[in-house]
Structure formats: C-alpha cells, structure tokens
Amino acid sequence: MDHLRRIGCTVSYLWPVPPELPHGTDVVFLAMEDEARPEIERLLKSFPNPAPTMLAIVGYENPSTLQIVLESGALAIVERPIKPFGLLTNLAIARNLWLERQKLVKEARKYKRKVLGDQKLARAKAILMAKRGTSENEAYREMREQAMARRVPIDEIANSIISAEQLLRPPQKHD
C-alpha cells in the first residue's frame, strides 16, 4: 500500500471482502483466497459495467486459484509476498489492457449500430421498391429527400417506413 501511495495512487484497504466496491473505484487488487471464494464471487457479480481494472494477488498456484483468477477477469497477477519491484509495471500493463478493452467495446458497439442501421436501410429500400416498383437508387434518393426535408437522420425515415409496412401487413397465421 505504501508503494502504491508513493507512486501517486489513492489507496483504500478493505478486508474482509466487501459486498461491493466503493463508488468510483478504478483499480482493484484482489487477494484470491480459496476460503473467501463465495465472498469474492459475490463481489465480482456486484461490479459495475465496465468493471474496474483487476489485478489478482496470489500466494501459490493451484487449479482452484487459477480458476478464480480466470473468472475474476484479472488483467495481471501479483505474487505474494508482494514486492514493490514489478508492482508499477503490472499496474500499468493491466490498466493499459483495460483501456484498450474499453476502446474495443466502444468500437464494437459503434459497428453494431452501423450494421443494424444498414440492415434497416436495406429493408426500407426493399419495401419502397416492392410497393412502388422503383429501383434501389430511386428508393434511397426518396428516403434521403424525405430525411433532408424533415431534417432527421435517414435511419428515422427507414424506421418509419418499416413501422408503416408492419402496421399495414395482415397478421400472419401460425400453424
């Protein structure tokens, strides 16, 4: 704890394992003890999304300890007895991995939204093409003109076309 304070960290020591973390916790060093497994599992389930950067503290390697380390999502492991040498390195690597993971999650969400938007756009174009007998380019141009005239995103126009089509479609009978 003293070494973490020396390198500029604000440190809190919580033991036994608390039911949840204090609000605003960025990094957790968690001792992986077999005797505290239920408490550790409860704590891990209480983590916010995204969970804080996790570093596991282990005293020895065995299958049970390895299992809980893997389940915890720890991004680094610190051996016990803890020595100051390597602590900053493990902390920096774990935090960097955590930041990279958050960046990838954000990008994945963005691409998922884009794909879903593209699918809605394609569906709305198909509806217009079928109803009006127009080409794909004409259907897109019509949607774009509506979006510009109403000053709304083209996705909103696509959603309204899809919604209107669903309202007009007769209910399907199930066998």
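Along the sequence shown, residues carry numbers from 1.
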Are D118 and K114 ion-paired here, with the side-chain N under 4.0 Å from a carboxylate O?
-> yes

OG1-CG distance between T10 and D26, expressed to the nearest 0.5 angstrom | 9.5 Å

Find the distance between OG1 (T53) and CG (L97) and round it off to the nearest 0.5 Å.
-> 9.0 Å

Are E41 and R37 ion-paired here, with the side-chain N under 4.0 Å from a carboxylate O?
-> yes

Side-chain contact, heavy-atom cut-off 4.5 Å: L43 with L21?
-> yes

ILVMFWY cluster, I77 and F85 together (side-chain gap under 4.5 Å) | no

Separation between CG (L88) and NE2 (H3), nearest 0.5 Å, reads 6.0 Å

dist I154:CD1 -> K125:NZ (nearest 0.5 Å) comes out at 8.5 Å

Using atom types as modelled and distance alone, determine if a side-chain donor or acceptor of Q102 lies under 3.5 Å from a backbone N or O of L99.
-> no

Test R80 against E33 for salt bridge (charged side-chain N to carboxylate O under 4.0 Å, His left out), laying out the working first.
-> CA-CA 12 Å; R80 198 173 347 183; E33 304 285 347; 2.6 Å; yes

Full working for side chain to side chain contact (heavy atoms under 4.5 Å, CB included) between R42 and E20 = CA-CA 8 Å; R42 184 187 68 234; E20 59 185 32; over 6 Å; no

Mind listing the closest non-hydrogen atom pair of R101 and G73 along with its distance?
-> NH1-O, 4.4 Å

Is V78 reachable from L66 through a run of hydrophobic residues whose side-chain heavy atoms are each under 4.5 Å from the next?
-> no

Between W98 and P52, which heavy-atom pair has the shortest distance, and what is it?
-> NE1-C, 3.8 Å

Side chain to side chain, L55 and V28, heavy atoms closer than 4.5 Å | no

Separation between CG (L104) and OH (Y111), nearest 0.5 Å, reads 10.5 Å

For M129 against A139, the heavy-atom pair lying closest together = CG-CB, 3.9 Å

According to a 4.5 Å side-chain heavy-atom criterion applied to Ile, Leu, Val, Met, Phe, Trp and Tyr, with indirect links allowed, do L14 and L44 form part of one hydrophobic cluster?
-> no

If you round to the nearest 0.5 Å, how far is CG of N96 from CG of L75?
-> 10.0 Å

Carefully, step by step, assess I40 and I68 under the rule side chain to side chain contact (heavy atoms under 4.5 Å, CB included).
-> CA-CA 9 Å; I40 290 170; I68 196 163; 3.6 Å; yes

Show your working on side chain to side chain contact (heavy atoms under 4.5 Å, CB included) between C9 and L91 and close with a plain yes or no.
-> CA-CA 11 Å; C9 299; L91 176 58; 4.0 Å; yes

Residues, nucleotides or ligands: over 12 heavy atoms within 6.0 Å of E61 CD | no

Considering only heavy atoms from C-beta outward, does the side chain of N90 approach that of F29 to under 4.5 Å?
-> no

Are I93 and V69 connected, step by step, through hydrophobic side chains (Ile, Leu, Val, Met, Phe, Trp, Tyr) whose heavy atoms are closer than 4.5 Å?
-> no

How about R5: does its CZ atom have over 12 heavy atoms from other parts shown lying under 6.0 Å from it?
-> yes

Nearest heavy-atom contact between A76 and A94 is CB-CB, 3.9 Å

Side chain to side chain contact (heavy atoms under 4.5 Å, CB included) between V27 and R95, worked out = CA-CA 8 Å; V27 178; R95 191 64 179 165; 4.3 Å; yes

Note, N62 side chain near D34 side chain (heavy atom, < 4.5 Å) = yes

Just by modelled atom types, is the N159 backbone N or O under 3.5 Å from a matching donor or acceptor in the S163 side chain?
-> yes

Do you know which two heavy atoms are closest between T134 and L128, and how far apart they sit?
-> OG1-O, 3.9 Å

State whether the number of non-hydrogen atoms from other residues, nucleotides or ligands found under 6.0 Å of E79 atom CD is greater than 12.
-> no

Between M143 and L121, the two heavy atoms sitting closest are CE-CD1, 3.0 Å

Within one Ile-Leu-Val-Met-Phe-Trp-Tyr cluster: L116 and I161, side-chain cutoff 4.5 Å | no

